[in-house]
Each structure stands twice: as C-alpha cells, then as structure tokens.
Amino acid sequence: MAKKPRTPTQPATQLVNAGRDPQAYFGFINPPVYHASTLLYPTAADQVAQRSRYQYGRRGTPTMEALENALREIEGDKCAGVALLPSGLAAISTALLAVAGSGDHILMSDTAYWPTRMFCDGMLARMGVTTTYYDPLIGAGISKLIQPNTKAVYLESPGSQTFEMQDVPAIAQAAHDKGALVLMDNTWATPLYFKPFEKGVDLSIQAGTKYIGGHSDVMIGCVSANTKALPALKDTVYTMGLCVGPDDMNLALRGLRTLGVRLPRHQESALKIARWFEQRPEVSRVLHPALESNPGHVIWKRDFTGACGLFSIVLKPTPEKSVYAFMDELALFGIGYSWGGFESLVVAFDCGSQRTATPWKPEGPTLRFHIGLEDAGDLIADLENGFTAMAAAR
Ligand SMILES: *Cc1c(COP(=O)(O)O)cnc(C)c1O
C-alpha cells in the first residue's frame with residue numbers, strides 16, 4: 001500500500017524525498033537504474049495503438065522520470081517540467097535553440113559563461129540569429145535594446161568569474177512587456193538559493209555537473225521551464241535526439257539527496273574565507289555578492305536566500321610569477337575549472353578580452369576560488385602558506 005501524500009515541505013525535506021516512490025520499486029529506497037533502449041509491447045494491437053506508459057529509452061524511463069520529477073518539485077509550483085541534457089553547456093545551447101530561429105535576435109548578458117558566448121557567436125550566428133551583448137547592470141534599461149525580433153533575454157546572475165548581480169525581476173518585466181522570453185543560468189545559486197520562476201524567468205538552466213552532482217564525477221545539465229516555454233523545450237530535446245545515460249542520471253539523483261547539507265557548508269566556509277581575504281594586505285577586492293562591501297549586495301539580499309562556494313578576488317598588482325608561486329604552493333586547492341564538487345579549487349582568469357559591452361580592467365591579477373567541504377581553518381592555513389610563497393617570489 002502506498003504511503004499517504006506528503007504535506008508541503010521545506011527544501012531540505014524535498015531534496016530527500018522528491019521524485020522517489022519506494023513502493024513503486026518493491027520498497028527499495030532508490031529508484032532502479034534502467035539501462036534501456038527498446039520497449040516491448042504485449043500485443044500487436046498495443047503496438048499499433050502505441051499503448052504503453054513509456055515509448056523508448058530516449059523518450060523516458062523510470063530513472064529519467066525520477067530525476068525530472070525531483071528537479072521539478074524543487075523548482076516549485078511554477079515549474080511545468082524539466083529536460084535533462086548531457087552537460088550544462090548542452091542545456092544552454094538547447095534552451096537557446098528552443099527559443100530562437102533564423103531572423104531572430106537575442107540579448108545576452110556580457111558576463112555570461114564564455115562557452116555560451118561562443119555558441120551565440122558561432123552556431124547561432126550561422127543559423128541567422130543575431131546576438132547583442134548587454135551590460136549586466138542594465139536593469140529595466142534593457143527595454144531600449146529589445147527589437148521587434150528579440151525572442152529572448154538571457155541572464156546569468158551573479159556573472160561568470162566577476163560575480164556582478166543582475167536585477168532579474170526588472171529585466172524580466174521589461175522583456176515580458178515586449179514579448180521576449182527570459183532565460184537564466186542559475187548554476188551558481190541552484191534553486192535552493194534562488195527561485196527563478198518566482199522572479200520572472202521562463203527557462204532556467206543549470207549545469208548539474210556542479211552542485212547537483214556535487215562529486216566531480218558526472219557531466220549533466222538541466223533546463224526547467226514554465227508552461228509557456230515547456231513545449232518548445234521538449235520539442236527541441238526530442239528532435240535533436242538528446243538524452244542522458246542512466247548511470248549519470250543516477251549520480252545526479254544521488255547528489256541531489258545531500259545538496260541540502262552540502263550547499264550551506266560551502267556557503268559558510270566560502271564566506272569565512274572571503275572575509276579573511278578582505279583583511280589581507282595582498283588583496284585589493286573580494287568579488288562575492290554576499291559581502292556587505294559588494295556593489296551587488298543589495299540585490300543579492302533582496303532576491304537570493306544564500307550563496308554557494310564560488311567567488312573571486314582581485315590582488316593588488318604583483319608579478320605573474322608570484323601569483324603562480326601562490327597557486328603552486330597550495331596543497332588543499334587543486335588548480336582546475338569545473339566547480340561544485342566536494343573539493344577546493346583555484347584558477348587564474350583574465351576575462352577582459354571576452355567582454356564586449358562593458359570594460360573589465362581589474363587593478364591586479366584575478367583568481368577564482370571554489371571553497372569545498374574541507375575544514376575552513378585548514379584552508380585558511382593553506383592560503384596563508386600561499387601568500388608567504390607569493391612574497392618570497394616577488
Ligand atoms: C560549468 C558551467 C556551465 C557548463 O556546464 P558543463 O556541465 O561543464 O557543460 C554552464 N554554466 C555555468 C555557470 C557553469 O559554471
């Protein structure tokens with residue numbers, strides 16, 4: 001017998017229970033992992049009438065359904081459905097393909113993830129879709145950039161690498177007033193700390209590779225959509241033949257169950273370390289919207305309920321070799337890009353040449369950190385060693 005339906009619950013409870021129905025799989029806690037392509041019909045009449053709950057491995061399995069249902073439940077009531085893609089970047093390109101075609105125009109935040117720009121400037125341009133990059137701080141002023149053929153306004157908040165905060169509700173309102181859809185990359189906050197559909201987003205994108213997977217062992221992406229945007233999204237996923245392997249969906253489901261304890265820990269340690277960086281003489285600025293000193297703090301506080309483990313710093317001018325000495329000295333921070341796993345990371349970045357609508361000219365070298373689940377005191381001691389090595393290399 002099935003258990004009685006749950007009453008509405010808090011996010012931590014949702015993460016544990018969403019998309020799971022043990023009585024549907026013999027009482028075992030987790031849904032089985034279906035490795036499946038073909039599905040057999042019991043009779044010829046069933047086949048001709050296409051009478052079956054599932055049609056084909058690519059179109060849906062109980063594993064896919066479990067992850068999609070879990071993600072939809074976490075996004076909240078205004079989310080009508082979720083599509084799973086083989087990476088975060090595939091989620092971005094699929095969402096854009098779902099909303100724009102030949103002759104259309106899109107507005108793209110100047111601080112979007114770099115490969116998103118490459119997709120717009122490459123494949124979308126070849127298809128006859130034009131892209132205008134806009135200042136992420138534009139707010140309601142986006143209205144002036146919307147043309148009759150503008151199909152979508154794309155946001156990423158905070159911005160990639162430099163963490164500018166966008167006024168999502170103001171931009172969404174202006175876009176909707178002129179008939180454009182609103183897309184947002186919500187990988188940084190996850191639906192736990194930013195509810196896109198309550199702020200006017202129509203299609204919300206996540207690199208599940210980051211915090212949903214959470215263990216640096218899976219590539220997966222997802223796009224969540226409201227009622228208005230879902231049909232075009234599902235149609236694009238289907239006609240492109242996109243699907244995710246069952247073991248990767250299972251890893252994402254497993255990651256989701258502990259997101260509610262991992263993310264607050266990433267947040268707490270990252271804030272502690274960001275505040276420590278603010279006191280260091282080597283650091284000029286810390287780019288973290290949850291810090292009171294950050295220009296985007298007011299918007300972050302208004303719209304977000306938390307922050308993850310990812311932020312950047314701008315160093316005071318120092319020779320390149322001293323920055324490398326700092327990075328190479330760190331024992332607990334790996335040097336690597338993709339974040340959201342349990343481990344701490346650092347990368348040097350220079351995105352000045354990637355921006356076209358707004359200048360980015362920092363006063364010194366820039367580093368991005370991902371704060372993992374290690375002890376924050378150990379991480380600070382490691383960073384202290386790094387600064388000692390930096391001074392010695394000057
Ligand atoms: C990593 C990342 C992506 C791409 O995800 P992949 O799974 O690596 O393709 C997209 N957006 C943001 C903000 C990211 O950090």
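The analysis underlying the following values was restricted to heavy atoms, covering all of them including side chains, and did not include hydrogens, waters or symmetry mates. What you see is a predicted model, and the numbers here were worked out from it, not measured in a lab. All residue numbers refer to positions in the sequence shown, counting from 1. Atoms within each ligand, like the ligands themselves, are counted from 1 in listed order.
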Novice: So which bit of Ile205 gets within less than 4.0 Å of ligand 1, heavy atoms only: side chain, backbone, both or neither?
Specialist: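 Neither; nothing of Ile205 gets under 4.0 Å from ligand 1.
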Novice: Below 3.5 Å, can you tabulate the donor-acceptor pairs from side chains in residues 265-274 to any protein atom, sequence neighbours excluded?
Specialist:
unit_1 : atom_1 : unit_2 : atom_2 : d
His266 : ND1    : Ile371 : O      : 2.8
Gln267 : OE1    : Ala307 : N      : 2.6
Ser269 : OG     : Arg265 : O      : 3.4

Novice: Return the closest protein heavy atom for atom 11 (N) of ligand 1 as residue, atom name and distance.
Specialist: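 Heavy-atom neighbour on the protein nearest atom 11 (N) of ligand 1: Asp185 OD2, 2.7 Å.
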Novice: Among all the protein's non-hydrogen atoms, which is closest to atom 6 (P) of ligand 1, and how far away is it?
Specialist: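 Here the closest protein heavy atom is Gly88 N, 3.3 Å.
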Novice: Could you check whether the rings of Phe326 and Phe387 sit parallel, tilted or perpendicular, using 30° and 60° as the cut-offs?
Specialist: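 Because their plane-to-plane angle lies in the 30° to 60° range, the rings of Phe326 and Phe387 count as tilted.
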Novice: Verify whether the ring centers belonging to Phe333 and Phe369 lie closer than 6.0 Å.
Specialist: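 Distance test on ring centres: under 6.0 Å, yes.
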Novice: Examine ligand 1 and decide if any of its atoms is less than 4.0 Å from a heavy atom belonging to Tyr337.
Specialist: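 No.
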Novice: Could you tell me the residue and atom name of the protein heavy atom closest to atom 1 (C) of ligand 1, and the distance to it rounded to 0.1 Å?
Specialist: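 Checked against all protein heavy atoms, atom 1 (C) of ligand 1 sits closest to Lys210 NZ, 1.5 Å.
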Novice: Would you please indicate yes or no on a ring centroid separation below 6.0 angstrom for Phe194 and Phe304?
Specialist: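 Yes - the distance between ring centres of Phe304 and Phe194 falls below the 6.0 Å cut-off.
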Novice: Contact between ligand 1 and Glu156 is defined here as a heavy atom of the residue under 4.0 Å from a ligand atom; is it met?
Specialist: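 True for this residue.
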Novice: Aromatic contact between Tyr211 and His370, with the criterion being ring centroids under 6.0 Å apart: yes or no?
Specialist: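 Tyr211 vs His370: aromatic centres under 6.0 Å.
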Novice: Just to be sure I read this right, does ligand 1 sit under 4.0 Å from the backbone of Trp339, its side chain, both, or neither, counting only heavy atoms?
Specialist: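 The answer is the side chain.
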